[in-house]
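Remarks on the structure that follows.
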Amino acid sequence: MSSHDPAQTRPRRFTAAGPLTGRIRVPGDKSISHRSIMLGALAVGRTRVTGLLEGEDVLSTAAAMRAMGAEIERLDSGEWVIDGVGVGSLLQPQTALDMGNSGTSTRLLMGLVASHPITATFVGDASLSKRPMGRVIEPLSRMGADFTAAPGGRLPLTLRGLSPAVPIEYRLPVASAQVKSAILLAGLNTPGVTTVIEPVPTRDHSERMLKGFGAKLEVDVEADGTRIIRVTGEAELKPQVIDVPGDPSSAAFFVVAALLVPGSDLVIENVGLNPTRAALFDVLRQMGGHIEEVDRRDVGGEPVADLRVRASALTGIAVDPAVVPSMVDEFPVLFVAAALAQGRTVTTGLEELRVKESDRIAVMRAALELAGARVTETEDGLIIDGTGGDPLPGTAQGAAVATHLDHRIAMSMAVAGLASQAGVEVDDTRPIATSFPVFEHLLAAATGTA
Ligand code: S3P
């Protein structure tokens, strides 16, 4: 039976609690954790990783890399050690690769397999099986890989890789770090120069980490901001010691909760602040949020700081669509902040949100409405008229927000529950474990209800 059998959902009502205070530390960055395991598995020798996110998505990546020959182990100290097979030496997996809920695992691993002489079948849960894979199938087919996918380019999908693959120059038609990364990873085992042209910058963890592992990778930035990324294959990767910074996308839920719950004064330690990820914090500051960076430093080649967040009166704004890629996962929780702000918040340019773990525009509209917020859905965003700081009414008895197997909907509406009169009932909290297994524990600790 699937772990997401509807008969086994784990509903919970999140209710107003005390202010959020003290110091917390959120788990490691999900994007960086996936990449640490993948590149560690492709290096020759032993990579060591501390601070790895031990969420279901990252564990799916680890299981897949084991199935293709890498040795991956968690030590009692919490450190992970990865003995890689070397670029070009991935083994044929003996069974289908179960990607669970994880789009990042699926798309990046498709890139890896595409330039190896192996065949792999990818399967996933109901949410992942609805998500479009055509965006990676298209460029990887140009490199020579062959695909059989479910209708609409979806999972389950079988990929036959080609070695040697053909290097391509590819201009990204959608702003997607997953598509960019899939092509760059395929390029590692492809003789010659594989080029990705990125008109709108997206998270650059793959580029940073590939350089760290010793790949020949160059990035040129044109006058209009277009990035041209070239990787030369066949690469030889050297094992690394990696310290994964805290995930800004996980910190986001606590930042918004502390802004909304009166009396809060919370420090979130060790938050990754890569500029291609951190736009939410700037947007919240524009809305009047008190978010202070303390002790800015470098961890694992990424900028990091502790964030001190104090309860604040927020004002609605029009969010600049140019920032969307650098906070693409943070809109659900921004919508919650907007629902409590003074005045109107308008978001545009969010088409990509419709193909995340759920259709985050439609699902958040329905969820916030059920909690009593005033929300209008447009084709590419939401318009939200805030309460001016008053708590939301909350969901009625017997009415639960539908999360559609989407961890970020569950956590965003948990935050809404903290800022509500009657609380917010969430239909299923299990998906939270994909990215933030200790979320409920940290929430109890920060609100003094542990
Ligand atoms: C990710 C890229 C983003 C993001 C996802 C993680 C990554 O997806 O939404 O959670 O690690 O590369 P897209 O590339 O589809 O925008």
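Order of appearance sets the numbers: ligands from 1, and atoms from 1 within every ligand.
Side-chain contact of S60 with E56: a donor-acceptor pair under 3.5 Å is absent, judged by distance alone.
Around ligand 1 you find S31, R35, T104, R107, S176, A177, Q178, R203, V328, D329, K356, each with a heavy-atom distance below 4.0 Å.
No side-chain heavy atom of R230 sits less than 4.5 Å from a side-chain heavy atom of T194.
Salt-bridge check for D428 with R10: failed, with every basic side-chain N at 4.0 Å or more from each acidic carboxylate O. Look at R35 and E207 and you find no salt bridge, because none of the NZ, NE, NH1 or NH2 atoms lies under 4.0 Å from a carboxylate O. Taking the charged nitrogens against the carboxylate oxygens, D406 and K356 have no contact shorter than 4.0 Å, which rules out a salt bridge. Salt bridge absent: D380 and R354 never bring a charged side-chain N and a carboxylate O closer than 4.0 Å.
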